[in-house]
A.B. asks: 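Sharing a structure below in structure tokens format, with a few things to ask.
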Amino acid sequence: MNKTVANAEEAIKDIADNAVLMLGGFGLCGIPENCIAALVKKGTKNLTCISNNAGVENFGIGLLLKTRQVKKMISSYVGENAEFERQLLSGELEVELIPQGTLATRCMAAGYGFPAIFTPAGVGTEVAIGKESRMFMVDGAEKEFLMEYAFDADFAIVKAWKGDTHGNLVYKDTARNFNHPMAMGGKITIAEVEELVPAGELDPNHIHTPGIYVHRIFQGVNYEKRIEQRTVRKR
Amino acid sequence: MNKTVANAEEAIKDIADNAVLMLGGFGLCGIPENCIAALVKKGTKNLTCISNNAGVENFGIGLLLKTRQVKKMISSYVGENAEFERQLLSGELEVELIPQGTLATRCMAAGYGFPAIFTPAGVGTEVAIGKESRMFMVDGAEKEFLMEYAFDADFAIVKAWKGDTHGNLVYKDTARNFNHPMAMGGKITIAEVEELVPAGELDPNHIHTPGIYVHRIFQGVNYEKRIEQRTVRKR
Amino acid sequence: MLDKIGIAKRIAKEIQDGFYVNLGIGIPTLVANYIPKGMNVVLQSENGLLGMGPFPFEGEENADLINAGKQTITTVDGSAFFDSAASFGMIRARKVHLTILGAMEVSENGDIANWKIPGKMVKGMGGAMDLVASAKNIIVAMQHVNKEGESKLLTKCELPLTGVRCVKKIVTELAVLDVTPQGFRLLERAPGVSVEQIKNATQGRLIIEGEIPEMVID
Amino acid sequence: MLDKIGIAKRIAKEIQDGFYVNLGIGIPTLVANYIPKGMNVVLQSENGLLGMGPFPFEGEENADLINAGKQTITTVDGSAFFDSAASFGMIRARKVHLTILGAMEVSENGDIANWKIPGKMVKGMGGAMDLVASAKNIIVAMQHVNKEGESKLLTKCELPLTGVRCVKKIVTELAVLDVTPQGFRLLERAPGVSVEQIKNATQGRLIIEGEIPEMVID
């Protein structure tokens, strides 16, 4: 069950114009740097990107925005990218902003075979417009929930810390974030990892994403792992 | 955030007659042996037990059945316990048999704040009787799903391999099974572990159930860990 | 006529390279022994394991490591453990390519019954209802007739159903059959079994077109 | 009148032993610095961490370890990492006892607006809509009036809402107020601030009953 491919170029070679992608990461933490670079190089157009954030101007998904490869973003927070905000306000970029938990859960729903899930997030706000809602009893009181559909993405592109040739993935610290739910939710899931090991080297008790969800895996190169807000304290 | 209690007796002391319990384990693998023994000793009556299996005649939940402490079982498979089958067929025991995936997911739903989930399991069978069903598009075709509600259990009683004083849990091998979804799903979650360590000793990347879900934890004693079907091969 | 091992061997031929497979209790469990060497197949056990290996050597049994039949097992390289909710998540999401399970009855439209005999036997459905409702491909391993000689391949199931319109293929001691919109289509005869025998043992609609070859089993 | 640190200090007094708390960006983040020593409190960061610690020492920043504000952080003993779906699962399941966040506007019935100014600012709601829809207890840290001197405690929010009927308590530079079915109930005045000042700065319905004490902040 060897799912290894040579590199990012090979991993993304069948991603065509108009594809719907899930892209893992939170801010710049745990983003699939190699695959984003390969997509920029390939020049794939009219992408729909499901990603919590839109990167910054010169890193992450920001690189794809700069080259105008993105038709639509589905995100929860895009405050760090001024170019994004400009394209959005000018109408060049289609944007769907949805609550972060809804975003994560719609990814996971695809991986759990839930056609839809219920969440109270967004009830009574513009997020609820046009959506089916329903009352359920919660802690003895009626509470309103929105029905939100599982995402239907062609590809999920995620970044893990370690992976094995079977596609089993282990994440590090808060870089797990959207990578796991998206890895589960893609029709085709591509994983780039900092360290690729032979099957059998990872402890089966410590796998975060079982290999059954992963279709292609490769060891990435030259990770920059840029820090967005370097906050420190004095010794 | 110290959630340690002395032992099983203290952990279960406020479980009263008529309580609804989730009990972790699959077959006899990963069952909360200490808490079951304490419940037998305490003699709590009219329990509703949500548990995938009903143990065997003289072990696991079978011990609670023998003493007639169980009013109702909600399970998916009870084939290993003849006393169970007898009580069921004679009408002494109320039993709700539901699909294993539905059982696991209804536990998890409680822990994920999903009031209900959709599953195709049981569509067209007697499991679907009286339940709301709904069509969704799956892979380009309409497919029918049942709406199943999150469990509303007073207590979840689970068994883990290791745990820390904050309630973080790590399971071993297939003993994870229902323990994790139930730990998430209980209003009060009680965890017994083979080894209890101070907070900070477990790798935060390898926690299976975050301590936020666990209210009481103790190190169990005298684990028998009985094997139901000892199958081996010759060297 | 095939014995249980013969049925398992014949089913093993349906498995393809790269498949994730869930094997039910009984004959399906035996299938694992006949997957061709060198073929990349990962066995899923719905109690929370991908990468199920053979039974442990004597003395190496691990109470924490069992399969869905509660048997002690081992893992293979590249295995992963997960919880029961995650397990049925991947089943519902159709990540498991093939489910092989037993049946008491199958009907010509692909309905299956295998969990209950009213008033007699109530073991429960376990994970079977989830598996049959979601799997892309379902193969049933079963006896063609019951102890009384009555067919278990029916126009309509008499026992409580496990799932509807889900079975794709059936392998019995007598034959291999596809479930089609028109009914059971006879594909192969077991060694030494005649089409006439299969006809007599099949109560549901049976489609026989052209010459029916005898199974080839190594 | 309180500065940002004063607001953070006053909110810290609302935290109880044993609480799991989610802190939003801005003033709420500062609250962590004023949780009384010895109190058992675990900070949840919705990007996937329970047990958030202080900023790292210089040179020890870890790009893989950030909070929901994308700041480099550390962990404390007993921490646990998880994915974003699991994180919002525990939020929806109301395992987080208290959410503290900022707001642009709050209305007298507890509606909150903090994510969008149509035509001007579109950063997105991030996790705020999930948090306010689920948290048992929500405290808002905010300025009482905007730069133009207009009240941000309104009869009805004018900006697009983040959540409805969810805010329980508000701490501003001027006052502490509860949100009740009857409107904003004034609980405490900031040091040196008069009831009259608070009245003038509050557009929504304000309930003033009895003597309003001045806040006590250490």
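Numbers restart at 1 for each chain; the letters A, B, ... are given by sequence-line order, proteins then strands.
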A.B. asks: For the residue pair A/Thr105 / D/Arg92, report whether a side-chain donor-acceptor contact shorter than 3.5 Å exists.
C.D. replies: yes
A.B. asks: Among A/Val138, A/Asn53, A/Leu28, A/Asn179, which residue has the highest count of heavy-atom pairs closer than 4.5 Å to chain D?
C.D. replies: A/Asn53
A.B. asks: Can you tell me which of A/Gly30, A/Ala128, A/Pro99 forms the most heavy-atom pairs within a distance under 4.5 Å of chain D?
C.D. replies: A/Pro99
A.B. asks: For D/Lys156, I'd like to know if atom NZ has over 12 heavy atoms of other residues, nucleotides or ligands within 6.0 Å.
C.D. replies: no
A.B. asks: Might you confirm whether atom NZ of D/Lys4 has over 12 heavy atoms from other residues, nucleotides or ligands at distances under 6.0 Å?
C.D. replies: no
A.B. asks: Check the surroundings of atom CZ in A/Arg134: do more than 12 heavy atoms from other residues, nucleotides or ligands lie under 6.0 Å from it?
C.D. replies: yes
A.B. asks: Please report the shortest heavy-atom distance between A/Ala121 and D/Asp130, naming the atom on each side.
C.D. replies: CB-OD1, 3.3 Å
A.B. asks: What distance do D/Met129 atom CE and A/Leu146 atom CG have between them, rounded to the nearest 0.5 Å?
C.D. replies: 10.0 Å
A.B. asks: Using a heavy-atom distance cut-off of less than 4.5 Å, which residues of residues 58-69 of chain D contact chain A?
C.D. replies: D/Glu58, D/Glu60, D/Glu61, D/Asn62, D/Ala63, D/Asp64, D/Leu65, D/Ile66, D/Asn67, D/Ala68, D/Gly69
A.B. asks: Could you go through the side-chain contact (heavy atoms from CB on, under 4.5 Å) check for D/Trp115 and A/Leu97 one step at a time?
C.D. replies: CA-CA 10 Å; D/Trp115 74 281; A/Leu97 288 171; 4.0 Å; yes
A.B. asks: Identify which of A/Glu144, A/Lys143, A/His180, A/Arg106 forms the greatest number of heavy-atom pairs closer than 4.5 Å to chain D.
C.D. replies: A/His180
A.B. asks: For D/Phe82, is the NZ or CZ atom of A/Arg176 found under 6.0 angstrom from the centre of its six-membered ring and inside 45 degrees of the ring axis?
C.D. replies: no
A.B. asks: If we define contacts as heavy-atom pairs under 4.5 Å, which of A/Glu126, A/Gln229, A/His208 has the most with chain D?
C.D. replies: A/Gln229
A.B. asks: Can any side-chain N or O of D/Ser84 pair as donor or acceptor with the backbone N or O of A/Ala104 at less than 3.5 Å?
C.D. replies: no
A.B. asks: Evaluate side-chain contact (heavy atoms from CB on, under 4.5 Å) for D/Phe57 paired with A/Val232, printing each intermediate quantity in order.
C.D. replies: CA-CA 5 Å; D/Phe57 289 120; A/Val232 296; over 6 Å; no
A.B. asks: Considering only heavy atoms and a distance below 4.5 Å, find which of D/Ser87, D/Pro160, D/Pro54 pairs most often with chain A.
C.D. replies: D/Pro54
A.B. asks: If you count heavy-atom pairs under 4.5 Å between each of A/Lys234, A/Arg230, A/Met108 and chain D, which one has the most?
C.D. replies: A/Arg230
A.B. asks: Tell me whether A/Asn222 at atom CG has more than 12 heavy atoms from other residues, nucleotides or ligands lying less than 6.0 Å away.
C.D. replies: no
A.B. asks: Is it the backbone or the side chain of D/Ser45 that comes under 4.5 Å from a heavy atom of chain A, or both, or neither?
C.D. replies: neither
A.B. asks: For D/Arg205, is the CZ atom crowded, meaning more than 12 foreign heavy atoms sit under 6.0 Å from it?
C.D. replies: no
A.B. asks: Run A/Asp139 and D/Arg94 through side-chain contact (heavy atoms from CB on, under 4.5 Å) and show every step you take.
C.D. replies: CA-CA 10 Å; A/Asp139 296 344; D/Arg94 313 181 96 176; 3.3 Å; yes
A.B. asks: Could you check which of D/Val164, D/Asp111, D/Asn47, D/Thr74 has the highest count of heavy-atom pairs closer than 4.5 Å to chain A?
C.D. replies: D/Asn47
A.B. asks: So which of D/Ala85, D/Ser134, D/Gly48 has the largest heavy-atom pair count under 4.5 angstrom toward chain A?
C.D. replies: D/Ala85
A.B. asks: CE of D/Met1: more than 12 outside heavy atoms within 6.0 angstrom?
C.D. replies: no
A.B. asks: Under 4.5 Å from any heavy atom of chain D, what part of A/Leu103 do you find: side chain, backbone, both or neither?
C.D. replies: neither
A.B. asks: Might you point out which heavy atoms bring A/Thr231 and D/Thr72 nearest each other, and give the distance in Å?
C.D. replies: O-OG1, 2.6 Å
A.B. asks: Hey, which of A/Leu89, A/Val127, A/Thr125 has the most heavy atom pairs under 4.5 Å with chain D?
C.D. replies: A/Thr125
A.B. asks: Please test D/Phe81 against A/Lys172 for side-chain contact (heavy atoms from CB on, under 4.5 Å), starting from the C-alpha separation and ending with a verdict.
C.D. replies: CA-CA 9 Å; D/Phe81 294 109; A/Lys172 185 155 166 284; over 6 Å; no
A.B. asks: Heavy-atom pairs under 4.5 Å with chain A - which of D/Gln71, D/Lys70, D/Glu46 has more of them than the others?
C.D. replies: D/Lys70
A.B. asks: Flag this pair as yes if the NZ/CZ of D/Lys123 is under 6.0 angstrom from the six-membered ring centre of A/Tyr77 and inside a 45 degree cone about the axis; otherwise no.
C.D. replies: no
